[in-house]
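This report concerns only the one structure given below.
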Amino acid sequence: MSQDHFAPFEQQLDEARALQVLREATAGAEDGELFLERRRSEALVFDDGRIKTASYDASEGFGLRAVKGEVAGYAHSTEISESALKRAAETARLAVGDGGGVMAPPPAGTNRRLYGDADPMADATFGAKIDILREIDAFTRGLDPRVVQVSASMAASLQEVFILRPEGGLVSDIRPMARLNVSVIVEENGRRESGGHGGGGRFGLSGLIEPAHWQPVAREALRIALVNLVAEPAPAGQFDVVLGPGWPGVLLHEAVGHGLEGDFNRKKSSAFAGLMGQQVAAKGVTVLDDGTIPDRRGSISVDDEGTPSGRNVLIEDGILVGYMQDRQNARLMGVAPTGNGRRESFAHAPMPRMTNTYMLGGDTDPAAILADLKDGIYAVGFGGGQVDITNGKFVFSCTEAYRVKNGIIGAPVKGATLIGDGPTAMRQIRAIGNDMALDPGIGNCGKAGQWVPVGVGQPTLMIGGLTVGGSAA
């Protein structure tokens, strides 16, 4: 795999001329930038004893933006050249109109790097990767005779970006990503169930493809499948629910996190709009969005506008204290950017997005929290969910959950969905465990048709009075 670095100002553009075009496009604007990107990625899937997918993708291009007030002009191209840049500038310039704006101060500089810059795709040859996937398949099938199908996958990518600003500042970032996953289907007495596990982060594949890593991943995928194999239909009704640590923080991400993004609050379309400084969650609840955790999937050394990522407190001891901001919404709301201006690629304009969103731990033993659950559900794994940002209402499906009565964990349940709304759920948190954990590195977040990698996390939590949808008679 080639180790050459993306160098658009050495190979395709003259930096001084590009800056001149950018300045012409943003004259009289309040903000803007030239975002250049090259991305390379590969994905391998070994499914049911054979290679199902082996793909390699490469793309590069630029996006040019000019911002004035609430309006942003954006144009992008897969051709990185001065002529393409000039055409994009003419389009973006339309948002500026007659001008009259004052350019916002540039982002503060930083030399901080939160991850390495090596190409994760170069950690093993193609043949070696196939052999590892085949080995994972054979190992997993050998764990239990009830295994009837295995799917093992690995993916890696390298995103390289340059951000040129009208005042002349130039920021670059090289963002690696790697992930390995194992899914299992088991069958017994004509019943089939599945389970999956995996993860990754902003590092190479080398650590993920060692047996010391993937063997526990395979065992955990099988464990979840076998739990589901004996699961009973979930009850329906209103129950107290205990959420496990780590990945169940995806409920926090969806039901609360999106509602704390700056654009929704500036437009007053969020259930949290206008509540700054007010109690929005139970005492003891502190929620952060932190893009500065080294090597995490959601971490970024700088966001896609060139602002350094931050450790931003959103809710502190139940009080709403901050929103996640990009530059445009921060300026319009009269606050500072928080390093949350993110975009899927050069073909998209940035917007406020989460990085790693999590709740801090409390001081209660998780075992004590479960012991206090008289009649409810213990949910430790989640699948897909839907959320209405305007009111925070959510519906989430559980992939691993258990019935609990009088503090005793009973049979696993299948088909459980959690139904509620974020603001109410946050106020009904009754206990916070001391076991805060981050997810294993599997999160993707969608917003306005754009997808970006994210992280979530939380401790064990008890939430009172959630509606559980189930299929039990």
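The figures here come from the full heavy-atom set of this structure, side chains too, leaving out hydrogens, waters and symmetry mates. Count residues from 1 along the sequence.
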Is the backbone of [Y] close enough, under 3.5 Å, to the side chain of [X] for a donor and an acceptor to pair up by distance?
X    : Y    : result
N228 : E193 : no
E400 : I224 : no
K447 : P352 : yes
T357 : H253 : no
T338 : M324 : no
R146 : L226 : no
R342 : M354 : yes
D240 : G465 : yes
Q458 : M359 : no
D435 : T460 : yes

- Task: Begin from the C-alpha positions of R296 and N356 and carry the test side chain to side chain donor-acceptor pair (under 3.5 Å) through to its verdict.
- Result: CA-CA 8 Å; R296 295 298 305 182; N356 303 299; 4.8 Å; no
- Message: Quick one, R112 with S309, criterion side-chain contact (heavy atoms from CB on, under 4.5 Å). Give me CA distance, side-chain angles, the key distance, then yes/no.
- Response: CA-CA 10 Å; R112 178 183 60 188; S309 63; 3.4 Å; yes
Taking only residues two or more places apart in sequence, or in another chain, which ones meet [X] in a side chain to side chain contact (heavy atoms under 4.5 Å, CB included)?
X    : answer
D421 : K393, P423, T424
P211 : W214, Q215
K267 : S269
E160 : H5, F6, R38, R40, L158, I174

Does [X] pair with [Y] as a salt bridge, N-O distance under 4.0 Å?
X    : Y    : answer
D173 : R113 : yes
D263 : R266 : no
E220 : R223 : yes
R175 : D304 : yes
R311 : D289 : no

Does the side chain of [Y] come within less than 4.5 Å of [X]'s, by heavy atoms?
X    : Y    : answer
M333 : Q325 : yes
R327 : E33  : no
V256 : I315 : yes
P366 : N434 : yes
I136 : F46  : no
M121 : Y56  : yes
I132 : M154 : yes
V456 : L252 : no

- Please identify each residue that fulfils salt bridge (Lys or Arg N to Asp or Glu O under 4.0 Å) with E187, with sequence neighbours left out.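 Residues passing salt bridge (Lys or Arg N to Asp or Glu O under 4.0 Å) with E187: R192.
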If you compare all heavy atoms of [X] against all heavy atoms of [Y], which two are closest, and at what distance to 0.1 Å?
X    : Y    : result
V184 : V186 : CG1-CG1, 3.9 Å
F382 : W247 : O-NE1, 3.0 Å
V468 : A416 : CG1-CB, 4.4 Å
N340 : N312 : OD1-ND2, 3.4 Å
P459 : G361 : CG-CA, 3.8 Å
A218 : T140 : CB-OG1, 3.3 Å

- Using the side-chain contact (heavy atoms from CB on, under 4.5 Å) rule, take Q278 and F272 through it: C-alpha gap first, then chi angles, then the decisive distance, then the call. CA-CA 10 Å; Q278 298 184 31; F272 294 95; over 6 Å; no
Euclidean distance, [Y] [atom2] relative to [X] [atom1], rounded to 0.5 Å:
X    : Y    : atom1 : atom2 : answer
I80  : E37  : CD1   : CD    : 9.0 Å
Q149 : D137 : CD    : CG    : 9.5 Å
T78  : F62  : OG1   : CZ    : 9.0 Å
Y402 : I377 : OH    : CD1   : 12.0 Å
E60  : E79  : CD    : CD    : 10.5 Å
Q238 : I419 : CD    : CD1   : 11.0 Å

With a cut-off of 6.0 Å (strictly less than), are more than 12 heavy atoms of other residues, nucleotides or ligands near [atom1] of [X]?
X    : atom1 : answer
D363 : CG    : no
I408 : CD1   : no
Q386 : CD    : no
K52  : NZ    : no

- Steps toward side-chain contact (heavy atoms from CB on, under 4.5 Å) verdict (L205, K129): CA-CA 10 Å; L205 277 170; K129 293 171 187 175; 4.1 Å; yes
- Mind jotting down which residue pairs meet the salt bridge (Lys or Arg N to Asp or Glu O under 4.0 Å) criterion with at least one end in residues 195-215? Sequence neighbours excluded, please.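 Every pair satisfying salt bridge (Lys or Arg N to Asp or Glu O under 4.0 Å) with a residue in residues 195-215: there are none.
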- Task: Verify side-chain contact (heavy atoms from CB on, under 4.5 Å) between L288 and L360, making sure each step is shown before the conclusion.
- Result: CA-CA 8 Å; L288 292 83; L360 293 184; 3.4 Å; yes
- Would you please test D131 and R134 for salt bridge (Lys or Arg N to Asp or Glu O under 4.0 Å) and show each step? CA-CA 5 Å; D131 289 341; R134 185 176 288 109; 3.4 Å; yes
- Criterion side chain to side chain donor-acceptor pair (under 3.5 Å) on S153 and N181, from CA distance to verdict: CA-CA 5 Å; S153 64; N181 283 76; 4.7 Å; no
